[in-house]
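Structure record follows, encoded as structure tokens.
Counting starts at 1 for both ligands and their atoms, in listed order. Along the sequence shown, residues carry numbers from 1. Keep in mind that this is a model prediction, so the values were computed, not measured.
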Amino acid sequence: MVVELELEENRKPEIQKTEFVWMNGKTIGWEDATIPIMTHALHYGTGVFEGIRGYGSGSNLLIFRLRDHFERLINSAKVCDIETKYSAEELMEACLSLIRSNDLREDCYIRPIIFVGFSGINLGFIDYPTESAIVVFPFKHYFSKPGLDVCISSWTRLFDPVTPPLAKICGNYVNSVFAKREAAKNGYDEALMLNTSGKISEGTGENIFVIKKGRMCTPPMGASILDGITRNTIMELAKEFQIEIIERDVARSELYTADEVFLTGTAAGIAPVITVDRRVVGDGKVGPLTKSLLEGYSEIVMGKLTLGHDDWVTKVY
Ligand SMILES: Cc1ncc(COP(=O)(O)O)c(C=O)c1O
């Protein structure tokens, strides 16, 4: 059930809250899911999180790649040396039960988070408590436009010896926030960041694919990217569609002469890019391969196309 918003001083939150939140093994009211001001993660970014999508299907709700998201969450915690109290299976169960408690059946977003709680200000957080929570809320689109205007950010993507981009670490997102705000203030929809080798890494919350003469490429794992679940899905779909796909370093200038460029992410879905640094990509319209992959992806998340992965879609009810 979705709860009416309380508006504070004319400020309207972007998301609609739901009745219940799961926190540390209990289902509690949204308003009761609060944390102490000296929570370690609030000050130091010591948390890991996930973004998962649910798609309304009649009176049912379909969750896409639930297990893969929770396994990545556990692995992100391992990278950060944050102790986890719950297994991927237990969190998956908690997630499904939370959605049922909220009786949510429309398109939604699921945000699990595991973070270092309140004890003190020691950066080593030895013996500090770990808090776990899952929040769900209705969600339709991250980008409201069918074709994106993107720029190359002046901010460099963080890299493994700093804080590993392959883990979804709360603190990592300051890097993404800097790039995203700069892009927004300059009139762009999204920013792409270069890695320390000057090659394309990824968007602030998306991976990138580039198409030239029918061949598709995407930066490899070593290019300072998150191992995106949508990226992986698109790579499998490309094989199914017999589109040649390679993982290799991509130069910034390749984007200017590409036939098609698109971004992939759980929140963003498949997001076509129509300009890069104000240079028109291809003919400035959503390209044919992007279009067919976008259509294929829509079928996959609705369980109509499985590519042999019957476990990718979880029915909630
Ligand atoms: C930095 C970053 N890159 C890529 C992605 C795309 O990953 P996924 O497809 O698993 O959502 C995300 C979103 O989670 C992200 O935050």
Side-chain angles (χ1 to χ4, degrees), residues 45 47-55 63-77 79-80 88 95 107-114 135 139 141-143 148 150 152-153 155-160 162-183 189-195 199-210 218-238 245 247 250 261-273 293-294 296-298 300-301 309 312-313:
V48 293
F49 68 97
E50 268 304 320
I52 311 172
R53 281 288 284 274
Y55 298 89
I63 312 294
F64 190 56
R65 298 190 67 169
L66 183 67
R67 175 175 295 278
D68 293 312
H69 280 285
F70 278 107
E71 284 181 354
R72 189 170 67 183
L73 180 72
I74 300 289
N75 280 328
S76 293
V79 170
C80 291
C95 176
D107 291 354
C108 64
Y109 190 84
I110 304 158
R111 167 55 56 83
I113 182 163
I114 298 175
V135 186
F139 183 85
H141 306 289
Y142 186 63
F143 293 114
L148 304 181
V150 310
I152 305 297
S153 181
W155 296 99
T156 302
R157 185 71 182 137
L158 49 80
F159 71 128
D160 201 77
V162 177
T163 47
L166 68 77
K168 244 176 124 56
I169 304 170
C170 296
N172 277 3
Y173 280 79
V174 175
N175 182 226
S176 287
V177 166
F178 275 30
K180 183 83 180 185
R181 280 185 69 80
E182 178 191 54
D189 302 310
E190 184 54 291
L192 300 170
M193 282 177 279
L194 301 181
N195 58 32
K199 301 295 187 192
I200 299 288
S201 62
E202 58 183 346
T204 63
E206 309 85 19
N207 295 112
I208 182 168
F209 286 83
V210 181
T218 189
M221 286 310 299
S224 293
I225 65 165
L226 182 76
D227 187 4
I229 289 169
T230 321
R231 173 183 182 273
N232 170 269
T233 308
I234 286 300
M235 288 174 72
E236 295 231 1
L237 184 60
I245 163 83
E247 293 176 84
V250 176
V261 175
F262 64 90
L263 307 181
T264 62
T266 297
I270 312 303
V273 171
L293 290 164
L294 208 159
Y297 184 72
S298 310
I300 292 173
V301 297
H309 298 281
W312 273 3
V313 170

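The heavy-atom pair separating Ile113 from Cys170 by the smallest distance is CD1-SG, 3.9 Å. Among all heavy-atom pairs drawn from Pro112 and Ile110, the shortest one is CD-O, 3.4 Å.
Residues passing the side chain to side chain contact (heavy atoms under 4.5 Å, CB included) test with Ile74, sequence neighbours excluded: Thr84, Ala88, Leu91. By the salt bridge (Lys or Arg N to Asp or Glu O under 4.0 Å) test, Glu247 pairs with Arg231, sequence neighbours left out. Listed by chain and residue number, nothing satisfies the side-chain hydrogen bond (donor to acceptor under 3.5 Å, both in side chains) test with Arg181 (two or more places apart in sequence, or in another chain).
Residues of the protein with a heavy atom under 4.0 Å from ligand 1 are Arg72, Arg157, Lys168, Tyr173, Glu202, Thr204, Gly205, Glu206, Asn207, Leu226, Gly228, Ile229, Thr230, Thr264, Gly265, Thr266, listed by chain and number.
Ile200 is listed as a side-chain neighbour of Leu194, based on a closest heavy-atom distance under 4.5 Å.
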